[in-house]
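Have a look at the structure below before the remarks.
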Amino acid sequence: MTYDYEYFKRAVYELTSIDLNAYKEKQMKRRIDTLIAKNGVQEYDKYVILLKDDKARFEEFVNYLTINVSEFYRNPDQWKILDKEVFPELMARFGHNLKIWSAACSTGDEPYSLVMALSRHLPLNQIKIIATDIDKQVIAKAKVGLYNEKSISGVPQDLKHQYFTKIGPSYQIAKEIKDRVEFRENNLLKDAYPSDCHLIVCRNVLIYFTEEAKEEIYRKFERALKPGGILFIGSTEQIINYKEIGYERKNSFFYLKQGK
């Protein structure tokens with residue numbers, strides 16, 4: 001039997017439910033081959049055995065695979081639009097009880113940023129963010145809420161002063177912010193989505209997916225939004241056929257679900 005990359009993709013799906021066919025193959029295969037070599041293994045079948053037998057290696061693999069690059073208030077100009085235009089529009093349309101989903105939330109920087117940004121408009125006890133990621137390891141890190149100085153460099157000074165405590169070289173986010181976020185595991189290609197969302201935030205994640213997988217996810221986001229709800233995507237992404245899917249483009253990064 002030839003243990004090629006096709007075999008490896010099938011084995012990974014059986015182990016993790018992560019479908020590597022949805023990722024750009026050349027880019028992902030190169031990343032995986034680098035990790036396999038780092039572990040001193042030459043063949044895919046032997047690496048699969050290692051993943052089955054060694055929990056630490058398995059978690060390292062999933063963490064490596066899911067490409068966690070995150071920071072608070074990433075691309076600040078887009079967060080200004082969220083603060084000045086999007087939040088007021090959503091509250092005028094739906095009231096103060098907004099259902100917000102941070103999809104592929106990584107280590108929590110994004111959903112915690114959403115809580116802080118929304119705290120300028122609402123009391124904290126009225127804010128609830130659903131945050132999901134495929135990787136339970138990064139969700140565990142998010143729940144701890146400890147970040148380095150670079151990660152929080154984009155946080156407005158008043159919020160940084162109010163909601164972070166310096167612990168050695170790191171910064172701990174306040175419990176009152178953590179309490180407003182509900183973390184869940186979720187595979188965007190396989191699992192059910194939250195329904196009737198007013199705002200979905202999924203940024204700088206889908207660039208790693210094939211065009212077919214991207215379109216499938218954008219369509220599922222559209223179905224998960226209430227009419228008049230908004231999808232917020234990353235600066236590296238765009239939805240080419242947004243009208244066909246059912247969106248109206250507000251600007252480069254915000255898409256409104258059509259209908260009332």
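Values in this document were obtained by computation on a predicted structure and should not be read as measured data.
With hydrogens and angles left out, the side-chain atoms of Glu110 and Ser102 include a donor and acceptor closer than 3.5 Å. For the residue pair Arg180/Asn125, the side-chain donor-acceptor check at 3.5 Å is not satisfied. Residues Thr132 and Trp101 bring a donor and an acceptor atom of their side chains to less than 3.5 Å of each other. In this structure, a donor-acceptor pair under 3.5 Å is present between the side chains of Thr236 and Asn204. Side chains of Asn97 and His198: no donor on one and acceptor on the other come within 3.5 Å.
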Task: Derivation and outcome, ring pair (Phe, Tyr, Trp, His ring centres under 6.0 Å), residues Tyr44 and Phe8 - done: CA-CA 6 Å; Tyr44 287 122; Phe8 184 72; 5.1 Å; yes
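Between Glu89 and Lys84 there is no salt bridge, since none of the side-chain N atoms of the basic residue sits less than 4.0 Å from a carboxylate O of the acidic one. A salt bridge links Glu222 to Lys257: at least one charged side-chain nitrogen sits closer than 4.0 Å to a carboxylate oxygen. By the 4.0 Å N-to-carboxylate-O rule, Asp191 lies too far from Arg184 to be salt-bridged with it. One finds no salt bridge joining Glu237 and Lys214 here, because no Lys/Arg side-chain nitrogen approaches an Asp/Glu carboxylate oxygen to under 4.0 Å.
Below 30°, between 30° and 60°, or above 60°: for Tyr73 and Trp79 the angle between ring planes is between 30° and 60°, a tilted geometry. Between Phe72 and Tyr147, the two ring planes are perpendicular [angle over 60°; tilted spans 30° to 60°].
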